[in-house]
Amino acid sequence: MFFLLLFFTIIGSLESGKILVYSPSISRSHLISNGRIADTLVDAGHEVVVLILEYETLTEFTGTKKAKVIKMTNISSQFMDDMAGSDEYMLSNDRLGFVERAYFEYSASSMCAALMKRRNELEHLRDYKFDVAFSEQIDLCGVGVIRYLGIQNHLWISTTPIMDAISYNLGIPAPTSYVPTIEENDNGDQMNFWQRIFNIYMYIGSIIVHRYGTDRITAVFQEYVPDFPNVREIAANSSLCFVNSDEILDLPRPTISKTIFVGGLGVPKEVKPLDSKFNEIMSKGKNGVVIISLGSIIPFGSLPNHAKIGVLKAIKELEDYHFLIKISKEDTTTLELINQLQIKNIDLTHWLPQVDILAHERLKLFVMHGGINGLVETALRAVPTVIVPVFADQFRNGRMVEKRGIGKVLLKLDIGYESFKKVVLEVLEDESYKQNAIRIAQMMRDKPFSPEERLVKWTEFAIENGVLEELHVEGSRLNTIVYFNLDVFAFIFLVIFIISKIIVYIVCGLKTKFNVTPSKKLN
Ligand SMILES: *[C@@H]1O[C@H](CO)[C@@H](O)[C@H](O)[C@H]1NC(C)=O
Ligand SMILES: *[C@@H]1O[C@H](CO)[C@@H](O)[C@H](O)[C@H]1NC(C)=O
């Protein structure tokens with residue numbers, strides 16, 4: 001760390017910059033990735049403020065260890081209230097539909113309205129005279145707040161692989177024939193005819209849902225500043241777009257020069273030794289250990305009973321492996337079931353030292369939900385995975401893992417004795433998964449420029465040069481009709497239509513004039 005600091009102080013001719021990171025507490029993983037950005041920039045010698053807007057009450061968690069935190073709490077309970085039943089919905093439906101996604105936009109923009117009612121509490125942020133400000137794509141309230149505070153230089157954070165609404169806004173090409181949309185889309189980059197139809201449907205739907213949300217947010221700001229531009233237009237002028245994904249792992253796709261991949265940012269290179277409790281667990285199992293951690297939205301305990309019992313029975317039969325399952329604090333039934341079924345090869349835990357345990361040589365498989373943060377960490381540690389996607393980008397991330405040959409997908413509604421046993425055995429026993437994982441991890445580590453270097457150097461470049469207009473793609477300013485050349489296609493169809501009409505007219509005219517038709521000739 002000292003050398004890193006020294007390195008940046010010597011290399012960076014730049015005076016320390018003032019940086020704002022806008023970080024709504026949508027979920028723990030969002031705070032983690034925003035916190036890693038902030039901490040990396042602090043390490044490089046910059047003055048960083050993380051502005052946390054409390055959407056979800058995550059107690060004291062901020063995601064940053066080094067930056068100054070300013071927190072706005074008790075904004076509105078709307079987001080928490082609206083998200084209340086969503087875990088049950090996600091458990092019983094394969095994917096969220098557009099109605100639920102529109103409702104999310106509604107909820108997020110209502111939060112923005114509640115936040116701006118207290119805009120006087122934001123005023124003191126103007127005094128910092130920030131050079132640049134980061135915000136994420138989940139809703140565009142951050143983009144609005146940043147402009148409201150008079151900060152002109154906006155930098156994007158895409159917390160998932162590049163969202164469709166972002167790519168559309170920034171003019172990043174997203175050919176629907178092989179770039180699957182990010183959210184709620186269980187497709188990889190090889191799609192058959194029907195899958196491509198579905199992908200186009202998801203693409204158009206994403207953009208419409210996003211327009212609805214961004215128009216509502218624009219209206220919030222126009223209430224206080226009448227000539228406030230549409231937040232989509234402000235977003236389109238962002239200098240850079242940092243993407244929390246890794247191009248070696250991710251599905252390959254076209255990007256523009258603004259797109260900087262920083263996946264794996266802040267994941268420590270050196271591994272801390274495990275404590276004695278986890279060391280002991282990791283020594284169990286003849287062939288090694290499997291970890292199951294399905295995340296906080298659908299933890300293991302909330303799976304339907306038949307699925308849970310099926311998985312536990314399968315585990316009992318996989319006796320050469322030891323299983324470590326992360327459960328929620330409220331979960332008491334899982335332990336009861338394990339005792340009833342008399343299973344010996346399971347340990348339960350409420351917490352995991354994830355980045356360190358992933359590096360343990362006896363860890364053979366990680367069964368997880370496929371959120372991009374955890375997935376990049378797992379891929380960096382060369383651990384094969386079984387992905388149980390829950391929502392958002394996780395379906396598509398699962399297909400990405402399959403493409404790279406480092407794991408398999410198990411859909412949440414299919415979880416049961418047979419499906420679990422089959423997929424887990426396949427990844428454990430087919431050597432190719434581990435070999436591919438080693439190659440991917442090696443390349444992720446060895447590729448030119450680390451995520452930290454990329455983030456710091458590009459941010460400093462934006463601080464020194466102001467808004468990077470030269471990188472703006474003209475496509476970001478075109479309307480939908482011109483962007484997709486719909487007018488040109490309409491014109492071409494019209495011309496073809498008129499010409500064929502004329503030909504038909506002439507042919508028919510000739511026929512009646514000379515009265516020669518083939519049938520008459522024959523007679
Ligand atoms: C939160 O806000 C509500 C009204 O907006 C207020 O009644 C309540 O006292 C606040 N709670 C805290 C802890 O500040
Ligand atoms: C975006 O950038 C263009 C070119 O500099 C400028 O004319 C336009 O006003 C900007 N739009 C917004 C909303 O800032």
Side-chain angles (χ1 to χ4, degrees), residues 17-24 49 51 53 105 108-109 111-113 115-116 119 122-123 125-158 162-174 206-243 255-260 458-484:
K18 295 197 178 68
I19 300 167
L20 176 69
V21 178
Y22 179 95
S23 182
V49 174
L51 175 63
L53 302 310
E105 298 284 335
S109 47
M111 288 299 289
C112 193
L115 169 69
M116 284 307 287
R119 63 197 175 285
L122 295 170
E123 294 299 331
L125 288 166
R126 293 178 194 272
D127 303 338
Y128 283 88
K129 305 218 178 326
F130 290 112
D131 297 301
V132 293
F134 286 81
S135 81
E136 330 177 19
Q137 85 293 348
I138 193 99
D139 67 49
L140 292 198
C141 191
V143 172
V145 168
I146 286 166
R147 175 62 65 96
Y148 177 79
L149 292 173
I151 306 162
Q152 295 299 319
N153 210 353
H154 174 253
L155 310 179
W156 270 111
I157 307 167
S158 178
I162 310 167
M163 287 261 197
D164 320 300
I166 300 191
S167 63
Y168 183 72
N169 253 329
L170 293 181
I172 302 174
S206 298
I207 287 166
I208 292 174
V209 163
H210 191 253
R211 278 186 94 88
Y212 163 72
T214 44
D215 283 342
R216 274 180 61 90
I217 285 176
T218 302
V220 167
F221 289 94
Q222 284 177 346
E223 195 175 315
Y224 307 111
V225 184
D227 60 350
F228 204 84
N230 192 306
V231 284
R232 284 196 301 274
E233 280 167 36
I234 307 175
N237 278 1
S238 300
S239 287
L240 296 168
C241 172
F242 292 103
V243 184
T255 60
I256 57 174
S257 313
K258 284 184 189 185
T259 334
I260 319 282
W458 276 105
T459 304
E460 289 178 350
F461 184 72
I463 292 174
E464 276 183 86
N465 296 291
V467 179
L468 303 177
E469 277 193 24
E470 290 75 4
L471 299 183
H472 295 345
V473 170
E474 210 47 56
S476 65
R477 306 209 166 109
L478 303 178
N479 65 42
T480 312
I481 291 174
V482 179
Y483 187 80
F484 292 110

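Read the numbers this way: they start at 1 and go in the same order the structure lists the ligands and their atoms. Because the structure is predicted, anything quoted here is derived from the model rather than measured.
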Check: Should the pair Phe130 and Tyr128 be assigned to parallel (<30°), tilted (30 to 60°) or perpendicular (>60°) ring geometry?
Finding: parallel

Margin query: Is the distance from the ring center of Tyr148 to that of Phe228 below 6.0 Å?
Written below: no

Check: Could Arg119 and Tyr224 be counted as a cation-pi pair, given that NZ or CZ must be under 6.0 Å from the ring centre and within 45° of the axis?
Finding: yes

Check: Under 4.5 Å between any side-chain heavy atoms of Met111 and Pro24, yes or no?
Finding: no

Margin query: Is there a side-chain contact between Trp156 and Leu170 in this structure, where contact means two heavy atoms from C-beta onward sitting under 4.5 Å apart?
Written below: yes

Sub-3.5 Å pairs, protein N or O with ligand 2 N or O:
residue, atom, partner, partner atom, Å
ligand 2, 2 (O), Asn237, OD1, 3.3
ligand 2, 2 (O), Asn237, ND2, 2.3
ligand 2, 5 (O), Glu469, OE1, 3.4
ligand 2, 5 (O), Glu469, OE2, 3.0
ligand 2, 11 (N), Asn237, ND2, 2.9
ligand 2, 14 (O), Arg147, NH1, 3.3
ligand 2, 14 (O), Arg147, NH2, 3.0
ligand 2, 14 (O), Asn237, ND2, 3.4

Notebook entry, point to check: For atom CG of Leu478, is the number of surrounding heavy atoms from other residues, nucleotides or ligands below 6.0 Å larger than 12?
Noted result: yes

